[in-house]
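The basis for the numbers below is simple: all heavy atoms, side chains too, and nothing from hydrogens, waters or symmetry mates.
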Amino acid sequence: MTTAVIVDAVRTAGGKRNGKLRGWHAVDLASETLKALAERNKLDPALIDDVIMGCVMQVSEQSLNIGRNAVLAAGWPESVPATTIDRQCGSSQQAIHFAAQGVMAGAYDIVVAAGVESMTHTPMGSSVVRDYGFPFGPRMMARYADEEGHSRLQGQGIGAEMIADQWGISRDELDAFAVQSHQRAARATEEGRFENENGKVTAGNSSQITDGSSAVLIMSEEKANALGLRPRARFHAFALAGVDPVTMLTGPIPATTTVLERAKLTLDDIDAVEINEAFASVVLAWEKEHHPNMELVNPNGGAIALGHPLGASGGKLMGTLLNELERTNGRWGLLTMCEGGGLANATIIERLG
């Protein structure tokens, strides 16, 4: 089987809602990381077989295949194809999976997995136009109704509260984790740990509701070597999980179990973990089930401090994970994140060189 490798990963800085990126059209924002990826690696974009872009709210300026529009906005040849996918918050992590798996299957030599979300211009929920129908049909609503017939399908905030109750996580524990995220993010910024990710982000200039884009350059190891590019990591294992859509956010727990089994590793083998901080309760429930060394989990802070640009977060966190492995000379890295609808992705990479 062909070995799929990461050559590079970049992202924009994260802009808080109505912040410094408010003037950027989503297509142009996405094109920035594409251009940076090609320029940093002196890569002719005409060689790229496909661009797979994650985006959650595919409406308005993020509609009509924003991946393709970003390719054209980047000035890349019209011959470069692109598609746009939605696995909610894990959209660009799923783009990474599809890209790497395409390389491993021999369908691609060079592919870019990317993501974008302008949450200022296209807020959460924008793609639900109630005048034209509701995304949860009668059968799904009936499946998740209470005894009185009322739907139990609520927002993610309610799911996060339910998780905190189920795992016995107190308000003090949630707040302490959030403070730690800010402290780690501030330390990482001061030490320059984010400089190789194409931007500097602090708690002061970003938030959970965030604008941003990311891009990851993925190739076959053979093609990277032929082009004189250094593979920085290889893909080792992938996993998905589905859980109930009411609490919705516990998917990283089974996804982590599955990806470790496929990798024939334990959490003790993992040198760095990035788990998306959609809510503190998500990470702390995962901790209670897997008992990791929390010093290795989100060591540079997470979305609580640095923001969560939905469709871009998977690529963003992959870049952070890759750079952390290189900074600490670690070997194995795990990326996992919860997703709307009760889904999750998990990826294990191995640092090279």
Roughly how far apart are [X] [atom1] and [Y] [atom2], rounded to 0.5 Å?
X      : Y      : atom1 : atom2 : value
Leu322 : Leu352 : CG    : CG    : 9.5 Å
Arg351 : Asp271 : CZ    : CG    : 8.5 Å
Asp146 : Arg152 : CG    : CZ    : 7.5 Å
Ile349 : Leu334 : CD1   : CG    : 9.5 Å
Met318 : Asn323 : CE    : CG    : 12.0 Å
Thr320 : Leu306 : OG1   : CG    : 7.5 Å

Between [X] and [Y] (side chain of the first, backbone of the second, donor and acceptor by atom type, cut-off under 3.5 Å), is there such a pair?
X      : Y      : value
Arg68  : Val80  : yes
Gln88  : Leu343 : no
Ser220 : Val103 : no
Ser213 : Leu29  : yes
Glu117 : Val56  : yes
Ser92  : Ala114 : no
Glu197 : Phe194 : no
His308 : Ser313 : no
Thr336 : Ile275 : no
Arg11  : Leu317 : no

For residues [X] and [Y], determine if any side-chain heavy atom of one lies less than 4.5 Å from a side-chain heavy atom of the other.
X      : Y      : result
Met1   : Met104 : yes
Trp24  : Asp211 : no
Glu274 : Pro299 : yes
Asn345 : Leu240 : yes
Leu284 : Leu174 : yes
Ser118 : Gln62  : yes
Ser181 : Asn298 : no
Leu267 : His291 : no

| request: Sort and list the pairs that fulfil salt bridge (charged side-chain N to carboxylate O under 4.0 Å, His left out) and have at least one residue in residues 40-61, not counting sequence neighbours. | output: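 Listed by first then second residue: Asp8-Arg40.
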| request: May I have all residue pairs that pass salt bridge (charged side-chain N to carboxylate O under 4.0 Å, His left out) and include part of residues 82-110, sequence neighbours excluded? | output: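 Listed once each, the pairs would be none.
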| Side-chain ion pair, Arg187 and Glu190, N-O less than 4.0 Å |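 The answer is no: the pair does not qualify as a salt bridge.
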| Can you list every ring pair (Phe, Tyr, Trp, His ring centres under 6.0 Å) pair that touches residues 69-96, not counting sequence neighbours? |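 As it turns out, there is no ring pair (Phe, Tyr, Trp, His ring centres under 6.0 Å) pair with a partner in residues 69-96 once direct neighbours are skipped.
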| Pairs involving residues 321-353, ordered by first then second residue, that meet ring pair (Phe, Tyr, Trp, His ring centres under 6.0 Å) (sequence neighbours left out) |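 Output for this query lists His236-Trp332.
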| request: Output, in order, the C-alpha distance, side-chain angles, deciding distance and verdict of side-chain contact (heavy atoms from CB on, under 4.5 Å) for Met248 and Gln156. | output: CA-CA 7 Å; Met248 180 182 321; Gln156 292 190 4; 3.3 Å; yes
In chain order, what residues pass the salt bridge (charged side-chain N to carboxylate O under 4.0 Å, His left out) check against [X], with sequence neighbours excluded?
X      : answer
Arg22  : none
Lys35  : Glu32
Arg171 : Asp175
Glu147 : none

| said: A quick test of your reading: do over 12 heavy atoms of other residues, nucleotides or ligands sit less than 6.0 Å from CG of Leu47? | reply: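 Yes.
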| Heavy atoms of other groups near Glu191 CD, more than 12 under 6.0 Å |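 Counting other residues, nucleotides and ligands, CD of Glu191 exceeds 12 neighbours.
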Hphob cluster co-occupancy, [X] + [Y], side-chain heavy atoms under 4.5 angstrom:
X      : Y      : answer
Val273 : Leu321 : no
Ile48  : Tyr108 : no
Ile110 : Val7   : yes
Leu227 : Leu217 : yes
Val111 : Leu37  : no

| message | Show, in sequence, the C-alpha distance, side-chain angles and deciding distance for Phe98 and Thr83, and conclude whether the side-chain contact (heavy atoms from CB on, under 4.5 Å) test is met. | response | CA-CA 11 Å; Phe98 284 157; Thr83 190; over 6 Å; no
| task | Please report the C-alpha distance between Val116 and Thr33 in whole Å, then the side-chain angles of each, then the deciding distance to 0.1 Å, and finally whether the side-chain contact (heavy atoms from CB on, under 4.5 Å) criterion is met. | result | CA-CA 9 Å; Val116 66; Thr33 45; over 6 Å; no
| Where Arg184 and Val297 come nearest, the two heavy atoms and their spacing |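 Closest approach of Arg184 to Val297: NH1-O, 2.5 Å.
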| message | On a heavy-atom basis, which atom in Cys55 and which in Thr84 lie closest, and how many Å separate them? | response |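 Of all heavy-atom pairs spanning Cys55 and Thr84, the closest is CB-CG2, 3.9 Å.
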| query | Considering residues at least two apart in sequence or located in another chain, which fulfil the ring-ring contact (aromatic ring centres under 6.0 Å, His included) criterion with Phe136? | reply |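 Phe136 satisfies ring-ring contact (aromatic ring centres under 6.0 Å, His included) with Phe134 once adjacent residues are dropped.
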| said: The criterion is ring-ring contact (aromatic ring centres under 6.0 Å, His included); which residues satisfy it with Phe235, sequence neighbours excluded? | reply: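 In terms of ring-ring contact (aromatic ring centres under 6.0 Å, His included), with neighbours along the sequence ignored, Phe235 is linked to Phe238.
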| task | Please report the C-alpha distance between Thr347 and His97 in whole Å, then the side-chain angles of each, then the deciding distance to 0.1 Å, and finally whether the side chain to side chain donor-acceptor pair (under 3.5 Å) criterion is met. | result | CA-CA 8 Å; Thr347 319; His97 281 206; 2.6 Å; yes
| query | After noting the C-alpha distance and the side-chain angles of Thr2 and Glu222, does the key distance pass the side chain to side chain donor-acceptor pair (under 3.5 Å) rule? | reply | CA-CA 8 Å; Thr2 302; Glu222 181 181 12; over 6 Å; no
| said: Working note: Glu78 + Leu72, criterion side-chain contact (heavy atoms from CB on, under 4.5 Å); need CA distance, chi angles, decisive distance, verdict. | reply: CA-CA 7 Å; Glu78 295 170 346; Leu72 300 177; 4.2 Å; yes
| field | Qualifying side chain to side chain donor-acceptor pair (under 3.5 Å) pairs, either residue in residues 257-267, two or more places apart | value |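 Listed by first then second residue: Thr266-Asp269.
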| query | Can you list the residues that meet the side-chain hydrogen bond (donor to acceptor under 3.5 Å, both in side chains) rule with Thr250, with sequence neighbours excluded? | reply |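 If we apply the side-chain hydrogen bond (donor to acceptor under 3.5 Å, both in side chains) test to Thr250, skipping adjacent residues, there are no hits.
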